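Following: one structure in structure tokens, then a few remarks.
Fair warning: this is a prediction, and the values are worked out from it, not measured in the lab.
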Amino acid sequence: MLTQTTGTLKNRIITKFIALALALTLCFAAPFSVKAAQVTKSIYTKTNYTHNDKFKESTLKNGIDISVHNGTIDFKKLSKTDTDIVIIRGGYRGYAASGPMREDTNFDYNIKNALANGFEVGVYFYSQAVTEAEARDEAEYILDIVKGYSFTLPIYFDYEFAEVSTGRLDSAWNSGKLNKSKMAKNAIAFCEVIEKAGYKAGVYSSTSFFQTKYDDSLFDKGYAMWLAHYNSKTSYAGDYEIWQYSAKGHVDGISGYVDSNYVYYDVLKPLLGKGFEVSKISKKSYTGAEIKPSFNVFYNGKKLIKGEDYYITFHDNINIGTASVTVTGVNDYTKYRQTKEFSIVPPVVTGLKVDSRDTNSLKISWDKNKYASKYYIQIYRNGSWKKVGTTKDTSYEIDDLSSAANYKIRVRGYKTIDGKYYYGYYSSVIESATSPAIPTQLKASSIRSTSLKLSWKKQTYASYYRVYKYNSSSKKYELYKESNTNSLKITDLSPNKNYKFKVRAYKKSADSKLLYSKRSDALSVYTSPAAPKTLSLKSPSANKINTSYSKVSGASGYQVRWSTTSDFSSNFLSVFVSKTSTVITTAQSNRTYYVRVRSYKVRDGKKYYSDWSATKSVKVK
């Protein structure tokens, strides 16, 4: 809510002179600050947002970031809203392989009018750099664009994937040409050029990008951090001074959507070189030796030199807990002295692995960390990291999981000292999967004398299935075939014979392990009897047909059918006999009749039929 002091007074006009006096007075008044976990309603989205507890007592300002995509902005209308800060795109590199750099075509208009209407201004450059050299070129390019303009906020390095498979940054990451270390080096290379030129540098990224695409080297440099996390409350635990919480805000002066930001101004302000300031120091892992992290010291935006402008003294910087460093100015800065705290946390957990798995659970373990009193377990599901639980042990069973599903898991150690939690960095992420569920609803259909179709209920996330057939000789279920679907045609069977089948589901996990379910319950099924192979017909006298056919082993009997139509679609009759011959009495004489026969087997009072034999015809006397 715009510092949350000047916002409501900006539009309160008593008289022209009184309003001006009030505005000037309130610019220097103590702001209304955010309390711990305070919920504030966005002026852009009209939605409530909860701030991280670490920003208790922090000053809030409302900010937007803009580019040519926002069209022509009416800055006079915008200035009448509770917006204080505008961050403007200065340029970008295209995501094509050639990576051309371009200036934002609305930059000059945007920055001139933003400054003229009293906004605090920052600038960002959309990067697609794949090398440190390219990142430095981008920095030089944006420095040339902003030359001649005076603004107070940082120049931000906006590092994002284009979400296009052929994009230069996307391709470099996916191919392994870039990794977290190289990504961080690219960002640092850009920021170093910016700060050498006298500007404050910053880095803009999403929560997942900060967590998975940079290594820790980036966070030790004291650069400003601008976090994008579109949610009502961000769970990001790292440092940041600006939170971009939505891309769908609305504000007077801009048609369409606008990116919406909360700026924790009193956290950002020290980074801007307002006086003698020590940059933030990220937590450090315990090593048993003195921890001496690197950091920067500024005076009014100028980066000071250690040994020439200041010296440092560390305190309590060996054991897990809160350490500090005192920075004392010398020469031109002798009157300045500042102490900065940082945390020493348990070492990174090692040896994380999956010990066993079941359909809906994974049991994990890790090496004992003697410097941690407990462990905190997280699992990645539904697009974000979720807390699973905590334990004093070095193993944990994660349950309530989906079958045959891939999961990412990480663990960190922590220690509690005087009621304060000291969380270590997370272990390396491991990926694995639960076992597939046992296939159910196994059934047979399209049963023939030498084949049948086996099917079962599809198992979510299963990669494929193996079908096992019982071998009466070995008295074991042996692999018959694999199937990528939840059905399989079984062939090369013998007629009128009992067969037993089982099915098992398989899954290839993210860590390349082949996982499988237990075998299903057995399905017992009989094939149909064989069809009679030969059929002989003869009409010895009027209205009579002598029929005979080959005997089918194991058959209970035979069904003989005759008709005056060759396809038996009408005028047909049947007779059931137990012998391999019978005499048919026809309704008409001197007429051609068609005859076919099939065998059947009676099981549990039900007839199971073979296919029909070939049809033959005879002219009845």
Side-chain angles (χ1 to χ4, degrees), residues 93 95 97 99 125-140 154-163 165 167-196 201-228 236-240 279-287 289 291-296 342-352 378 380 385 408-412 423-431 510-511:
R93 185 190 287 276
Y95 61 76
F125 182 93
Y126 177 84
S127 171
Q128 289 287 288
V130 297
T131 66
E132 292 178 60
E134 285 188 350
R136 284 189 284 268
D137 288 342
E138 290 175 351
E140 295 291 353
I155 297 176
Y156 288 93
F157 180 73
D158 176 8
Y159 218 10
E160 301 179 56
F161 290 125
E163 301 299 336
S165 60
R168 62 196 328 267
L169 188 58
D170 304 65
S171 299
W173 176 267
N174 292 332
S175 68
K177 182 179 179 181
L178 281 177
N179 54 34
K180 292 196 294 184
S181 175
K182 291 180 180 179
M183 295 281 273
K185 287 179 180 178
N186 291 347
I188 292 168
F190 177 97
C191 292
E192 285 177 342
V193 173
I194 295 299
E195 294 203 340
K196 187 176 180 180
V203 178
Y204 166 97
S205 282
S206 67
T207 298
S208 61
F209 209 102
F210 273 137
Q211 290 175 331
T212 64
K213 301 301 183 292
Y214 293 122
D215 68 15
D216 291 342
S217 63
L218 175 65
F219 306 106
D220 294 332
K221 301 295 183 180
Y223 303 133
M225 294 296 175
W226 179 10
L227 174 73
Y236 181 64
D239 293 320
Y240 57 96
S279 68
K280 56 193 173 186
I281 305 174
S282 62
K283 65 185 181 183
K284 301 298 175 184
S285 295
Y286 173 82
T287 64
I291 304 293
K292 296 182 177 181
S294 60
F295 55 88
N296 293 313
F342 60 95
S343 296
I344 299 177
V345 298
V348 174
V349 169
T350 59
L352 181 61
Q378 280 193 330
Y380 192 82
W385 286 100
K408 297 179 182 178
I409 303 167
R410 62 185 186 183
V411 177
R412 63 178 174 178
Y423 289 97
Y425 286 102
Y426 280 104
S427 66
S428 297
V429 174
I430 60 169
E431 295 186 55
D511 53 358

* Evaluate the side-chain proximity of F125 to F190: yes if any heavy-atom separation is below 4.5 Å, no if none is. => yes
* Asked: Just how far is it from atom NZ of K185 to atom OG1 of T131, taken to the nearest 0.5 Å?
  -> 12.5 Å
* May I ask you to check whether Y204 and Y156 place their ring centers less than 6.0 Å from one another? => no
* Just by modelled atom types, is the V349 backbone N or O under 3.5 Å from a matching donor or acceptor in the S427 side chain? -> no
* Atom OH in Y159, atom NZ in K213: separation rounded to 0.5 Å? -> 11.5 Å
* Looking at residues at least two apart in the chain, or sitting in another chain, which of them share a side chain to side chain donor-acceptor pair (under 3.5 Å) with K280? -> E241
* Asked: Out of curiosity, W173 CH2 to L178 CG, how far, rounded to the nearest 0.5 Å?
  -> 7.5 Å
* Non-hydrogen side-chain atoms of D170 and Y95 separated by less than 4.5 Å -> no
* Asked: Please walk me through it: do S127 and R93 pass side chain to side chain contact (heavy atoms under 4.5 Å, CB included)?
  -> CA-CA 6 Å; S127 171; R93 185 190 287 276; 5.6 Å; no
* Structure fact -> Looking only at heavy atoms, the pair that brings K408 and E431 closest together is CG-CG, 3.5 Å
* **Point-to-point distance, once rounded to the nearest 0.5 Å, from OG of S165 to CG of N174** => 8.5 Å
* Can you sort out the partners of D220 under side chain to side chain donor-acceptor pair (under 3.5 Å), two or more places apart, ordered by chain and number? => S282, K284
* Heavy-atom side-chain contact between P154 and W226 under 4.5 Å -> no
* Asked: Does NZ in K283 sit with more than 12 non-hydrogen atoms of other residues, nucleotides or ligands closer than 6.0 Å?
  -> yes
* Determine whether more than 12 heavy atoms belonging to other residues, nucleotides or ligands lie under 6.0 Å from atom CZ of F219. => yes
* Asked: Say you draw a straight line from OG of S205 to CZ of F210; how long is it, rounded to the nearest 0.5 Å?
  -> 4.5 Å
* To do: List the atom of D239, the atom of M225, and the distance in Å for their closest heavy-atom pair.
  => O-CB, 3.3 Å
* Working for side chain to side chain contact (heavy atoms under 4.5 Å, CB included), residues R168 and E134 -> CA-CA 12 Å; R168 62 196 328 267; E134 285 188 350; 2.9 Å; yes
* Asked: If every non-hydrogen atom of Q211 is compared with every non-hydrogen atom of W385, which pair is closest and at what distance?
  -> OE1-CD1, 4.3 Å
* Structure fact -> Value for CD1 (I430) from CG (L352), rounded to nearest 0.5 Å, stands at 3.5 Å
* Which heavy atom in F209 sits nearest to a heavy atom in E160, and how many Å separate them? -> CE1-CA, 4.0 Å
* Just by distance, with hydrogens left out, do S181 and N179 show a side-chain donor and acceptor under 3.5 Å apart? -> no
* To do: Taking side chain to side chain donor-acceptor pair (under 3.5 Å) as the test, write out the residues that go with Q128, two or more places apart.
  => Y126
* For F157 and I194, what are the C-alpha separation, side-chain angles and deciding distance, and is it a side chain to side chain contact (heavy atoms under 4.5 Å, CB included)? -> CA-CA 10 Å; F157 180 73; I194 295 299; over 6 Å; no
* **Considering all heavy atoms, the nearest N186-A135 contact** => O-CB, 3.1 Å
* Structure fact -> V345 and Y425 have their tightest heavy-atom pair at CG2-N, 4.4 Å
* To do: Begin from the C-alpha positions of Y380 and V429 and carry the test side chain to side chain contact (heavy atoms under 4.5 Å, CB included) through to its verdict.
  => CA-CA 10 Å; Y380 192 82; V429 174; over 6 Å; no
